[in-house]
Amino acid sequence: MKSDAVKKGMQQAPHRSLFNALGMTDEEMRRPLVGIVNSYNEIVPGHMNLDKITEAVKMGVALAGGVPREFPAIAVCDGIAMGHVGMKYSLVTRDLIADSTECMAIAHQFDALVCIPNCDKNVPGLLMAAARINIPTIFVSGGPMLAGHVKGEKRSLSSMFEAVGSFAAGTMTEEDVYEFECKTCPTCGSCSGMYTANSMNCLTEALGMGLPGNGTIPAVYSERIKLAKLAGMKVMELLEKNIRPRDIMTEKAFRNALTVDMALGCSTNSMLHLPAIAHEAGVELNVDIANEISAKTPNLCHLAPAGPTYMEDLNEAGGVYAVMNELDKKGLLYTDLITATGKTVKENISGCENRNPQVIRPIDHPYSTTGGIAVLKGNLAPDSGVVKRSAVVPEMMVHEGPARVFECEEDAIEAIKSGKIVAGDVVVIRYEGPKGGPGMREMLNPTSAIAGMGLGASVALITDGRFSGASRGASIGHVSPEAAVGGPIALVEEGDRIRIDIPNNRLEVLVSDEEMAARKAKWHPREPRVTTGYLARYAKMVTSGNRGAVLEIK
């Protein structure tokens, strides 16, 4: 056992004395030591129940003969961090989570890990750590929130943000907004639509790192406690069989995840996180293959914000495995891959039928014949830009309009809410990328303001920042190279015509090459917005969004 390095032999007598201080018995010291990475805290609604999940996991580990030892991981609530300086500290926590978990796991020589995440950066951060550490590991999330109910309709956090825009437009009263405020987030759990947290928890299943139901069983269901116990027991089987994260997270597994991503209509943030996780697993995952996979993968789900169904509905319809079973009917998945269940993908999804074709469209009757995410390229995004195609209305799939240029998110929000943005405009928000932000803020406030003002079918938004999974509309993010390194988005001027062609994966500013070259010759880098602390260090090491915003030593 790996933990023998701290438990066995005369040289380890001092180590054993410290285990004695923990109250461990000689019997426990002879058993495998399993790290339980608990992301519980009291500020994130998606994490407030993780203490109960953790206790269930520990019970499962002990039942199967292991010795569970808990340690923490941080987590930021993107909803609370949204729209102010706090959002600069969201994406950057992904690397803090990965790094701190690596430190704890290796310093204490754990034999195996159970990772208990739930929200946006927590899931990919721990998946990155699992790939890096590469000891037997399984994931069990805290589960999604139940949908809220307002005036007889199911609602979620995206509805709340859009209500603020509707109030600014004069179409909703303060009393109406207060009702949304009180009812849209009724339980603990990750917000109830197919936002980033739920996207990544579902893709953890698709990658093979979680048990069935990991992404969809609601946080408040007792079934999730059972799932946690099973995960604790299952990690002991993975340890016995020596099945490790890099055995599971292969290139084919990442292709499976991208395929499921397209079918589910996941958050565009998956295009940041999957390449970053793959990087840690030693797999080169170029976002360009997203279009290749999208071209042959039907979009089967329209969960909020793309449609009127929610995570609880996907769970009742059969969950991620039912979606995968539909995809397998046309041979779109690699099914001979080993997973954290100890079985292959084929064994996992066999018999997992679609119980509600209104929630999961049958493979022969999809919402569209292509996937939910598109990667765009062109002279405005030579490396890439990303859009959640499944959440774009048909009339905005192709759009041309004048650029309305803003140097930060706050200036754009002020212009939108004050009525300065009109139908046909293309809002450009720049210097919000990984390096320029720094931290690559999400733009849920401006996209929600556009939707709430009634402009969702006539105004596009382009940024080198990113979008919440709750964003909808013609919202194109991750534009690379970003403005901070002199990418073409830095050269766009007020009134330039911009053309968006999502079906053909194109994003163009209608300015001649000669003019763009002349503008580039005059361009100078901006002074850094942050010069001290973690963000300053992050800005010096981070790569572009098209590479997953991974950190590299220059």
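In what follows, residues are counted from 1 in the order of the sequence shown.
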Before accepting this row, confirm whether a basic side-chain N of the pair Glu407/Arg529 lies closer than 4.0 Å to the acidic partner's carboxylate O.
no

N-O pairing of Glu55 and Lys58 below 4.0 Å
yes

Could you tell me whether a side-chain N or O of Glu205 sits under 3.5 Å from a main-chain N or O of Val320, the two making a donor and an acceptor?
no

What are the two closest non-hydrogen atoms of Cys202 and Leu314, and how far apart are they?
SG-CD2, 4.5 Å

Backbone of Met87 reached by a side-chain donor or acceptor of Arg441 within 3.5 Å:
no

Find the distance between CD1 (Ile293) and OG1 (Thr259) and round it off to the nearest 0.5 Å.
4.5 Å

Side chain to side chain donor-acceptor pair (under 3.5 Å) evaluation trace for Asn354 with Asn325:
CA-CA 8 Å; Asn354 179 359; Asn325 199 34; over 6 Å; no

Nearest heavy atoms of Leu272 and Arg466, plus distance in Å
CD1-CD, 3.6 Å

Heavy-atom check, side chain of Ile74 versus side chain of Asn41, under 4.5 Å:
no

Got a donor-acceptor contact below 3.5 angstrom from the Asn299 side chain to the Met262 backbone?
yes

Could you tell me if the side chain of Cys301 sits less than 4.5 Å from the side chain of Thr309, heavy atoms only?
no

Side-chain donor or acceptor of Asn291 paired with backbone N/O of Ala374 under 3.5 Å
no

Could you check Ser141 against Arg224 for side chain to side chain contact (heavy atoms under 4.5 Å, CB included), going step by step and ending with a plain yes or no?
CA-CA 9 Å; Ser141 78; Arg224 183 149 294 271; 3.2 Å; yes

Give a yes or no on whether a salt bridge exists between Lys121 and Asp78, defined as a side-chain N under 4.0 angstrom from a carboxylate O.
yes

Nearest 0.5 angstrom please: Tyr538 OH to Leu551 CG, how far?
6.0 Å

Just do the side chain to side chain contact (heavy atoms under 4.5 Å, CB included) check on Ile217 and Lys226 with the steps written out, would you?
CA-CA 11 Å; Ile217 297 170; Lys226 295 179 184 178; over 6 Å; no

Any side-chain heavy atom of Met200 within less than 4.5 Å of one from Asn118?
no

Determine the minimum heavy-atom distance between Val76 and Val44, stating which atoms define it.
C-CG2, 4.0 Å

Rounded to the nearest 0.5 Å, what's the gap from CE on Met145 to SG on Cys185? Could you check?
4.5 Å

Please round to the nearest 0.5 Å and tell me the distance separating atom CE of Met453 and atom CD1 of Ile421.
9.5 Å

Is Glu70 reaching over with its side chain to a backbone N or O of Ile36, donor-acceptor style, under 3.5 angstrom?
no

Are Cys115 and Thr137 side-chain neighbours, meaning at least one heavy-atom pair lies under 4.5 Å?
yes

For Asn445 and Met82: C-alpha separation, side-chain torsions, deciding distance, then whether side chain to side chain contact (heavy atoms under 4.5 Å, CB included) applies.
CA-CA 7 Å; Asn445 272 348; Met82 195 73 66; 4.2 Å; yes

Decide side chain to side chain donor-acceptor pair (under 3.5 Å) for His273 and Arg94; before the verdict, give the C-alpha distance in whole Å, the side-chain angles of both, and the deciding distance to 0.1 Å.
CA-CA 9 Å; His273 299 321; Arg94 189 184 70 181; 3.1 Å; yes

Between CG of Leu300 and NE2 of His365, what distance do you get to the nearest 0.5 Å?
11.0 Å

Is there a side chain to side chain contact (heavy atoms under 4.5 Å, CB included) between Leu127 and Thr204? Walk through the geometry before answering.
CA-CA 8 Å; Leu127 283 166; Thr204 298; 3.6 Å; yes

Dump the intermediate steps for side chain to side chain donor-acceptor pair (under 3.5 Å) on Ser368 and Arg389, then the final yes or no.
CA-CA 10 Å; Ser368 66; Arg389 173 166 40 196; 6.0 Å; no

Please round to the nearest 0.5 Å and tell me the distance separating atom OG of Ser390 and atom NZ of Lys388.
5.5 Å

For residues Val426 and His399, determine if any side-chain heavy atom of one lies less than 4.5 Å from a side-chain heavy atom of the other.
yes

Closest contact, heavy atoms only, Ser39 versus Asn122:
OG-OD1, 2.7 Å

Say whether, by atom type as modelled, one donor and one acceptor occur between the side chain of Asp99 and the main chain of Leu96 under 3.5 angstrom.
no

For atom CD of Glu42, decide whether the heavy atoms of other residues, nucleotides or ligands shown that lie under 6.0 angstrom number more than 12.
no

Do other residues, nucleotides or ligands put more than 12 heavy atoms under 6.0 Å from Arg472 CZ?
no

Kindly say whether Ala415 contributes a backbone atom to a donor-acceptor pair with the side chain of Ser418 at under 3.5 angstrom?
yes

Salt-bridge test for Arg547 and Asp383: reply yes if a basic N is under 4.0 Å from a carboxylate O, no otherwise.
no

Tell me whether Lys435 is salt-bridged to Glu482, with the criterion being a basic N under 4.0 Å from an acidic carboxylate O.
no

Only one of Ile502, Ile476, Ile500 clears side-chain contact (heavy atoms from CB on, under 4.5 Å) with Val392; which?
Ile502

Should Glu153 and Arg155 count as an ion pair when the cut-off is N to O under 4.0 Å?
yes

More than 12 heavy atoms of other residues, nucleotides or ligands under 6.0 Å from CE of Met48: is that the case?
no

Just by modelled atom types, is the Val92 backbone N or O under 3.5 Å from a matching donor or acceptor in the Tyr534 side chain?
yes

Taking only residues two or more places apart in sequence or in another chain, which ones pass side-chain contact (heavy atoms from CB on, under 4.5 Å) with Lys417?
Val164, Ala168, Ile413, Ala449

When every non-hydrogen atom of Asn269 is compared with those of Phe467, the smallest separation belongs to ND2-O, 2.9 Å

For the student: nearest non-hydrogen atoms of Pro186 and Ala147, plus distance
CG-O, 3.5 Å

Only one of Ser468, Ser158, Ser267, Ser190 passes side-chain hydrogen bond (donor to acceptor under 3.5 Å, both in side chains) with Tyr195; say which it is.
Ser158

Any side-chain heavy atom of Met249 within less than 4.5 Å of one from Glu280?
no

Say whether, by atom type as modelled, one donor and one acceptor occur between the side chain of Asp501 and the main chain of Val398 under 3.5 angstrom.
no

Find out whether Leu507 and Ile498 are in side-chain contact, i.e. whether some heavy atom of one side chain is under 4.5 Å from a heavy atom of the other.
yes

Taking C-beta and beyond as the side chain, do Ile53 and Tyr40 meet within less than 4.5 Å on heavy atoms?
no

Under a 3.5 Å distance rule, please check whether Asn201 uses its side chain to pair with a backbone N or O of Asn214 as donor and acceptor.
no

Would you check if there is a donor-acceptor pair between the side chains of Asp261 and Ser270 at a distance under 3.5 Å?
yes

